[in-house]
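Just follow the structure's listing: the first ligand is 1, and inside any ligand the first atom is 1.
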Amino acid sequence: MSETAIFEINGERYELPVITGTENEQGIDIKALRAVSGCITLDPGFKNTGSTKSAITFLDGENGILRYRGYPIEQLAEKASFLEVAFLLIYGELPSKEELASFTNSITKHTLVHEDMKQFFEAYPPKAHPMGILASMVCSLSTFYPESQNPNRDKDAVDLTIHRLIAKIPTLAAWSYKNAMRHPFMYPKNTFNYCENFLYMMFGMPTEDYTPDPVVVDALNKLLILHADHEQNCSASTVRIVGSSQANLYASISAGVSALWGPLHGGANQAVIEMLTKIQEDGGDLDKWIAKAKDKNDPFRLMGFGHRVYKNFDPRAKIIKKACDDVLEKLGINDPILEIAKKLEKVALEDEYFVKRGLYPNVDFYSGIIYKALNIPSEMFTVMFALGRLPGWIAQWKEMIENNEPIGRPRQIYTGATERDYVSIDKR
Ligand code: SDX
């Protein structure tokens, strides 16, 4: 495979090194481009631009492959626990029994949130979107742990912040739901595992015993694993660039939460359910809505369809679709929305517009249907995505720091006014 790339501009030829990854992906290293040629590259949305070299997650969009640290997502979703996968993503290897026990114990110990933070919830309006609450609460955590703001990146201090984040975000997420319901907050119960504890804090009540349904716990564990990382997606890239300024990990993760909120990204799972409900209420005329999605003059898009990288099936969507069937059957739920989703998928995948553009169901298309079956309100769907993606964001931030990557500062091509003199207001 080539080790250099040649390019010519303004009558000059330049040779640039080529980087080849472990899966034979090739990238032209343009670090020296501006110095030697005076040129930069331009790539809105970074569709063809690599921001880094990473050993965390491998995606093959053409063949629908997704692996965390080399392990296929299908195996991890079937056999691993979410905290096991979090450890793998963050520290690079599957944990031994002792490592997993120590990691789990440390996280269990940090599930409580400083009592003063409860007052923040009282200031939010009842309809406050939980993603707005989560983004601000995560950043506010840094104010309770000022030592975390020290950019010297002491390993133990970083590990403590990592464990605090993984431990406290489920508590903050569940409390944002309880706050919206005007229900009493449920404190973490350390006898529960990670997923059981989150469901307990979400749906438990102080007046009665609550034991999460094992079917629901298993489905949640699978969903969190499937969302755990996805290489340089919008929110992970946001976490990296905020962290590259030596902002602390809480602030970097808070920025990732904000980026994930957008309906083109993690907000799509809420948008999918709202779309399917609208189609159902409109009488279920799928051809009408497919035509709208294809109409360039209509802003409507088929939410949950399409992907920047996958131009074939999103492997996560396949697993979630099967989990959907399993969970609804085990819980005895017959959700007409699922039937509409399956019909919509079938119609779309037979339509040349979608096939030609490689628009397939993505991770968000079916996940909302499972969350709905687990009685999680649609405003919380993207919070669930953030709970799953947290270890991936942390792993990406940690890799960027450990590789001493420079502060992110892209260039631009200026297209504004050339030099002109100021004109006093009475002469304009
Ligand atoms: C996630 O990056 C990640 O890895 C993200 C993620 C992760 O795990 O982090 O996988 C999670 O964000 C999944 C995506 C969730 N978003 C949605 O479901 C929203 C709906 N999908 C789209 O808006 C869109 O597909 C994107 C944003 C996901 C991808 O957009 P791209 O890669 O920028 O592609 P594009 O907008 O340039 O579209 C290419 C063509 C266009 O048509 P033409 O100009 O060629 O005629 O496809 C069309 C688009 O109009 N198109 C769609 C469509 N998605 C793309 N047309 C109708 N419905 C859609 N959903």
Side-chain angles (χ1 to χ4, degrees), residues 43-51 54 56-62 64-68 73 77 85 89 131 223-240 256-276 279 286 288-320 341 344-345 347-349 351-369 381-382 384-393 395-396:
D43 185 18
F46 312 112
K47 295 190 177 188
N48 306 285
T49 299
S51 58
S54 178
I56 300 168
T57 292
F58 172 67
L59 297 192
D60 176 335
E62 278 62 40
I65 292 171
L66 172 58
R67 301 189 199 119
Y68 296 159
I73 190 71
V85 170
L89 286 168
M131 283 297 277
L223 283 164
L224 294 181
I225 288 172
L226 290 168
H227 286 82
D229 192 55
H230 217 238
E231 55 135 280
Q232 304 312 314
N233 59 85
C234 177
S235 52
S237 300
T238 302
V239 170
R240 275 183 174 253
V257 172
S258 298
L260 187 73
W261 194 355
L264 294 188
H265 190 15
N269 54 20
Q270 176 178 348
V272 166
I273 286 293
E274 290 166 354
M275 172 189 75
L276 293 172
I279 292 173
L286 299 181
K288 169 187 166 186
W289 289 91
I290 293 278
K292 281 172 65 68
K294 290 158 53 176
D295 179 356
K296 290 294 165 217
N297 300 316
D298 189 325
F300 175 75
R301 281 199 160 183
L302 215 46
M303 302 314 279
F305 260 76
H307 197 277
R308 174 60 56 77
V309 175
Y310 292 124
K311 298 308 173 191
N312 198 314
F313 245 89
D314 181 333
R316 301 166 297 177
K318 276 186 185 171
I319 299 170
I320 293 177
L344 186 60
E345 176 190 342
V347 170
L349 294 186
D351 185 296
E352 195 262 342
Y353 171 95
F354 291 87
V355 175
K356 192 175 94 178
R357 291 167 176 81
L359 302 176
Y360 290 82
N362 58 47
V363 65
D364 293 302
F365 189 65
Y366 284 102
S367 52
I369 296 167
F381 287 1
T382 312
M384 301 308 293
F385 195 142
L387 285 190
R389 184 53 52 88
L390 178 63
W393 287 333
Q396 297 285 346

Check: [X] N/O within less than 3.5 Å of ligand 1 N/O:
{"X": "Leu302", "answer": "yes"}
{"X": "Arg301", "answer": "yes"}
{"X": "Phe385", "answer": "no"}
{"X": "Leu264", "answer": "yes"}
{"X": "Arg357", "answer": "yes"}
{"X": "Ala268", "answer": "no"}

Open item on the list: Parallel, tilted or perpendicular, judged at 30° and 60°: which one describes the rings of His230 and Tyr310?
Closed with: tilted

TODO: Describe, in one word, how the ring planes of Phe313 and Tyr360 are oriented to each other, choosing from parallel (under 30°), tilted (30 to 60°) and perpendicular (over 60°).
DONE: tilted

TODO: Heavy-atom distances under 4.0 Å are what count here, so tell me which part of Lys47 touches ligand 1: side chain, backbone, both or neither.
DONE: side chain

Open item on the list: Please classify the Leu359 to ligand 1 contact at 4.0 Å (heavy-atom distances, strictly less than): side chain, backbone, both or neither.
Closed with: side chain

- [ ] Could you list the atoms of ligand 1 found under 4.0 angstrom from a heavy atom of Arg308?
- [x] 29 (C), 31 (P), 32 (O), 33 (O)

Task: Numbered atoms and elements of ligand 1 in range of Gly304, under 4.0 angstrom, heavy atoms - done: 17 (C), 18 (O)

Non-hydrogen atoms of [X] versus ligand 1: any pair closer than 4.0 Å?
{"X": "Gly45", "value": "no"}
{"X": "Arg316", "value": "yes"}
{"X": "Ala293", "value": "yes"}
{"X": "Arg389", "value": "yes"}
{"X": "Asp364", "value": "yes"}
{"X": "Tyr353", "value": "yes"}
{"X": "Gln232", "value": "no"}
{"X": "Lys296", "value": "yes"}

Please confirm whether the backbone N or O of [Y] pairs with a side-chain atom of [X], one donor and one acceptor, at under 3.5 Å?
{"X": "Arg308", "Y": "Gly45", "answer": "yes"}
{"X": "Tyr68", "Y": "Ile225", "answer": "yes"}
{"X": "Asn312", "Y": "Gly64", "answer": "no"}
{"X": "Asn269", "Y": "Phe381", "answer": "yes"}
{"X": "Asn233", "Y": "Glu231", "answer": "yes"}
{"X": "Asp43", "Y": "Thr49", "answer": "yes"}

Of all the non-hydrogen atoms in the protein, which one sits nearest to [atom], and at what distance?
{"atom": "atom 10 (O) of ligand 1", "result": "His307 NE2, 2.6 Å"}
{"atom": "atom 11 (C) of ligand 1", "result": "His265 ND1, 3.8 Å"}
{"atom": "atom 20 (C) of ligand 1", "result": "Phe305 O, 3.4 Å"}
{"atom": "atom 2 (O) of ligand 1", "result": "Asn233 CB, 3.5 Å"}

For [X] and [Y], work out which heavy atoms get closest and say how close.
{"X": "Val363", "Y": "Asp314", "answer": "N-OD2, 2.9 Å"}
{"X": "Asp364", "Y": "Val272", "answer": "O-CG2, 3.6 Å"}
{"X": "Leu226", "Y": "Ala77", "answer": "CD2-CB, 4.0 Å"}
{"X": "Ala348", "Y": "Leu302", "answer": "CB-CD2, 4.1 Å"}

Open item on the list: Closer than 4.0 Å and a protein heavy atom, does any atom meet both conditions relative to atom 26 (C) of ligand 1?
Closed with: no

TODO: Measure from atom 14 (C) of ligand 1 to the protein's non-hydrogen atoms and state whether any distance is below 4.0 Å.
DONE: yes

Task: Steps toward side-chain contact (heavy atoms from CB on, under 4.5 Å) verdict (Met131, Thr382) - done: CA-CA 7 Å; Met131 283 297 277; Thr382 312; 3.5 Å; yes

Task: Options Gly306, Ala271, Ala236, ranked by nearest heavy atom to atom 28 (C) of ligand 1, top entry - done: Gly306

Open item on the list: Just to be sure I'm reading this right: ignoring hydrogens, which of Glu231, His230, Lys311 gets closest to atom 4 (O) of ligand 1? Compare them by their nearest heavy atoms.
Closed with: His230

Open item on the list: Rounded to the nearest 0.5 Å, what separates atom CZ in Phe365 from atom CE in Met275?
Closed with: 5.5 Å

Task: Check against side-chain contact (heavy atoms from CB on, under 4.5 Å), Arg301 and Leu359 - done: CA-CA 11 Å; Arg301 281 199 160 183; Leu359 302 176; over 6 Å; no

